Amino acid sequence: MYNDKKVVFSGVQPSGNLTIGNYLGAIRNFSAFSEEYHCYYCVVDMHAITVRQIPAELRKRTYETLALYMACGLDPQKNTLFVQSHVPQHAELGWILDCYTMFGELSRMTQFKDKSAKNADNINAGLFTYPSLMAADILLYQTELVPVGSDQKQHLELARDIANRFNQIYGETFVVPDGYITKDGARIMSLQEPAKKMSKSDANENAVVRILDSKDDIIKKFKRAVTDSGNEIIHGEGKEGITNLLNIYTCFTGKTIEEAEKEFAGKGYGEFKLAVGEVCADSLAPVRDEFARLMADKAYLEQVMAQGAESAYRHARRTMSKVRRKIGFTELKH
Ligand code: TRP
């Protein structure tokens with residue numbers, strides 16, 4: 001049941017490939033929101049089809065994403081976890097908001113420009129209007145706070161503009177959301193090019209540690225991490241690789257950088273890398289195990305989806321009836 005709590009909403013693309021950057025900077029911290037906010041986490045399969053998908057893969061990744069969020073600590077009893085296409089109001093409000101979003105605004109979106117360049121053979125209208133569907137996701141739930149990575153800042157700004165525009169024309173209808181820019185990747189850098197942030201779509205697998213990587217893979221990747229020609233385990237300029245590893249180590253252990261530097265004073269890079277790999281792999285082991293357990297229990301995941309969709313639907317329906325009335329749609333009386 002929703003109540004008077006303020007709302008947090010975030011959407012996540014159906015991909016099981018999230019990195020330790022996503023985990024440490026974002027997902028791991030999401031469960032804390034549920035004390036104070038009503039939190040909606042939505043697997044955005046409708047956004048996913050703006051680029052071509054293999055149907056069986058999309059379906060599988062939708063389950064995986066839900067399971068991964070739960071394995072990372074999001075309790076479906078305390079958060080509303082659901083799949084976008086299960087709540088038809090997203091499409092409905094998406095269309096309406098298309099009519100309050102300007103061609104010029106959408107043309108300026110950097111993600112559209114990037115994705116158009118990458119998918120030159122499939123620059124479809126959905127790819128173009130992606131941000132107004134995202135605005136619909138957010139505005140449907142009268143969201144106050146939207147945790148997103150910095151790459152989504154521009155889309156969020158547009159959602160605010162759309163909300164303000166609509167409110168100006170029709171009077172207060174939508175809460176104007178604030179962004180909560182997660183540290184997602186801002187601090188966790190590529191293991192191969194430590195000046196670049198760790199990205200889940202990096203072509204070089206050695207650069208990226210994924211939440212679901214096996215212990216062996218994690219250790220291997222840390223062993224191969226690029227460092228520098230020195231031999232001191234301290235953070236600072238010219239030592240981007242070591243700084244990144246220290247940072248990852250402290251994120252998993254809760255120690256400070258200074259404590260970690262002291263701990264590894266006089267030790268070699270090899271030993272240090274192994275220690276970071278082990279602490280990372282061991283911290284993620286419970287997540288991996290829980291993920292496997294959940295994926296083996298489809299019936300339970302489906303029950304979570306159904307319960308989430310039901311709760312989201314109830315809230316979304318309220319907003320939609322307000323919107324329909326304001327714009328002058330006739331009501332069907334029965
Ligand atoms: N566009 C976001 C991304 O690529 C996903 C998303 C869809 C989203 N709808 C949202 C994020 C609503 C926050 C709020 O990551």
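Keep in mind the model is a prediction, meaning the values are calculated, not measured.
Annotation: Asn119, atom CG; neighbour count of heavy atoms from other residues, nucleotides and ligands within 6.0 Å is above 12. The local environment of NZ in Lys115 is crowded, with over 12 non-hydrogen atoms from other residues, nucleotides or ligands closer than 6.0 Å. The 12-atom threshold is exceeded at OH of Tyr100, counting heavy atoms of other residues, nucleotides or ligands nearer than 6.0 Å. Within a 6.0 Å sphere centred on NZ of Lys267, heavy atoms belonging to other residues, nucleotides or ligands number more than 12. The number of heavy atoms from other shown groups lying within 6.0 Å of NZ (Lys113) is above 12.
Without hydrogens or angle criteria, Asn79 side chain to Leu74 main chain gives no donor-acceptor distance under 3.5 Å. A donor-acceptor pair under 3.5 Å is absent between the side-chain atoms of Asn164 and the main chain of Asp161, judged by distance alone. Between the side chain of Asn244 and the main chain of Met189, a donor-acceptor pair closer than 3.5 Å is present. Glu193 places no side-chain N or O within donor-acceptor distance of the main-chain N or O of Ser190, the cut-off being under 3.5 Å. For the pair Thr143 (side chain) and Val8 (backbone), a donor-acceptor distance under 3.5 Å is absent.
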| query | Under the ring pair (Phe, Tyr, Trp, His ring centres under 6.0 Å) criterion, do Phe128 and Phe112 qualify, and how do the steps go? | reply | CA-CA 6 Å; Phe128 189 62; Phe112 171 67; 4.9 Å; yes
| Criterion side chain to side chain contact (heavy atoms under 4.5 Å, CB included) on Leu106 and Leu158, from CA distance to verdict | CA-CA 9 Å; Leu106 293 171; Leu158 181 57; 4.0 Å; yes
| task | Might you work through the salt bridge (Lys or Arg N to Asp or Glu O under 4.0 Å) test for Lys239 and Glu232, ending with a clear yes or no? | result | CA-CA 9 Å; Lys239 300 188 69 73; Glu232 266 189 302; 5.9 Å; no
| Should Ile96 and Val323 be marked as a side chain to side chain contact (heavy atoms under 4.5 Å, CB included) after you check the CA-CA gap, both sets of side-chain angles, and the distance that decides it? | CA-CA 9 Å; Ile96 292 172; Val323 168; 4.1 Å; yes
| salt bridge (Lys or Arg N to Asp or Glu O under 4.0 Å) between Glu64 and Lys60, intermediate numbers included | CA-CA 6 Å; Glu64 284 176 348; Lys60 177 162 159 266; 3.5 Å; yes
| said: Applying side chain to side chain contact (heavy atoms under 4.5 Å, CB included) to Leu18 and Leu68, what does each step give before you reach the verdict? | reply: CA-CA 9 Å; Leu18 299 177; Leu68 186 58; 3.9 Å; yes
| Intermediate values then yes/no, side chain to side chain contact (heavy atoms under 4.5 Å, CB included), Leu191 and Arg224 | CA-CA 8 Å; Leu191 295 191; Arg224 292 179 185 156; over 6 Å; no
| query | Is there a salt bridge (Lys or Arg N to Asp or Glu O under 4.0 Å) between Lys215 and Asp282 once you walk through the steps? | reply | CA-CA 8 Å; Lys215 178 164 185 169; Asp282 292 345; 3.0 Å; yes
| said: For a salt bridge (Lys or Arg N to Asp or Glu O under 4.0 Å) check, start with the C-alpha distance between Glu290 and Arg293, then their side-chain angles and the critical distance, and finish with the verdict. | reply: CA-CA 5 Å; Glu290 179 63 3; Arg293 197 187 67 76; 3.0 Å; yes
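Ring centroids of Tyr141 and His38 are separated by 6.0 Å or more, keeping the two rings apart.
The closest side-chain heavy-atom distance from Tyr41 to Leu66 is not below 4.5 Å. In this structure, the side chains of Leu212 and Arg210 stay at 4.5 Å or more apart for every pair of heavy atoms. Between Ser34 and Asp75 the shortest side-chain heavy-atom distance does not fall below 4.5 Å. Side chains of Ile188 and Tyr23 form no contact here, defined as non-hydrogen atoms less than 4.5 Å apart. In this structure, Tyr130 and Leu133 have side chains that are not in contact, with every pair of non-hydrogen atoms separated by 4.5 Å or more. Inter-residue side-chain proximity for Leu139 and Thr319 is flagged as unmet; no heavy-atom pair is nearer than 4.5 Å. The shortest side-chain heavy-atom distance between Leu274 and Ile219 falls under the 4.5 Å cut-off. Counting heavy atoms from C-beta outward, Ile242 and Tyr269 have side chains that approach closer than 4.5 Å.
Side-chain contact of Asp45 with Thr62: a donor-acceptor pair under 3.5 Å is absent, judged by distance alone. With 3.5 Å as the limit, one finds a donor-acceptor pair spanning the side chains of His315 and Tyr40. A donor-acceptor contact under 3.5 angstrom links the side chains of His235 and Glu261, judged on distance only. The closest side-chain donor-acceptor pair between Asn122 and Asn124 falls under 3.5 angstrom.
Checked against Glu144 for a side chain to side chain contact (heavy atoms under 4.5 Å, CB included), the options Ile138, Asp178, Val175 give a single hit: Val175. Evaluated for a side chain to side chain contact (heavy atoms under 4.5 Å, CB included) with Leu284, the options Ile218, Asp289, Asp213, Val279 yield exactly one hit, Ile218.
Using the six-membered ring where Trp is involved, Phe9 and His90 have ring planes that are tilted, between 30° and 60° apart. Ring geometry, Phe30 versus Tyr69: the interplanar angle falls from 30° to 60°, so the pair is classed tilted.
The two residues Ala48 and Leu58 have their closest heavy-atom pair at CB-CD1, 3.9 Å. The nearest pair of heavy atoms linking Cys42 to Val83 is SG-C, 4.5 Å.
Here Glu310 pairs with Arg314 in a salt bridge; the nearest charged N to carboxylate O distance falls below 4.0 Å.
Shown here are the ring-ring contact (aromatic ring centres under 6.0 Å, His included) partners of Phe174, two or more places apart in sequence or in another chain: Phe166.
Both the sub-6.0 Å distance and the 45° axial angle are not jointly satisfied by Lys255 relative to the ring of Tyr249.
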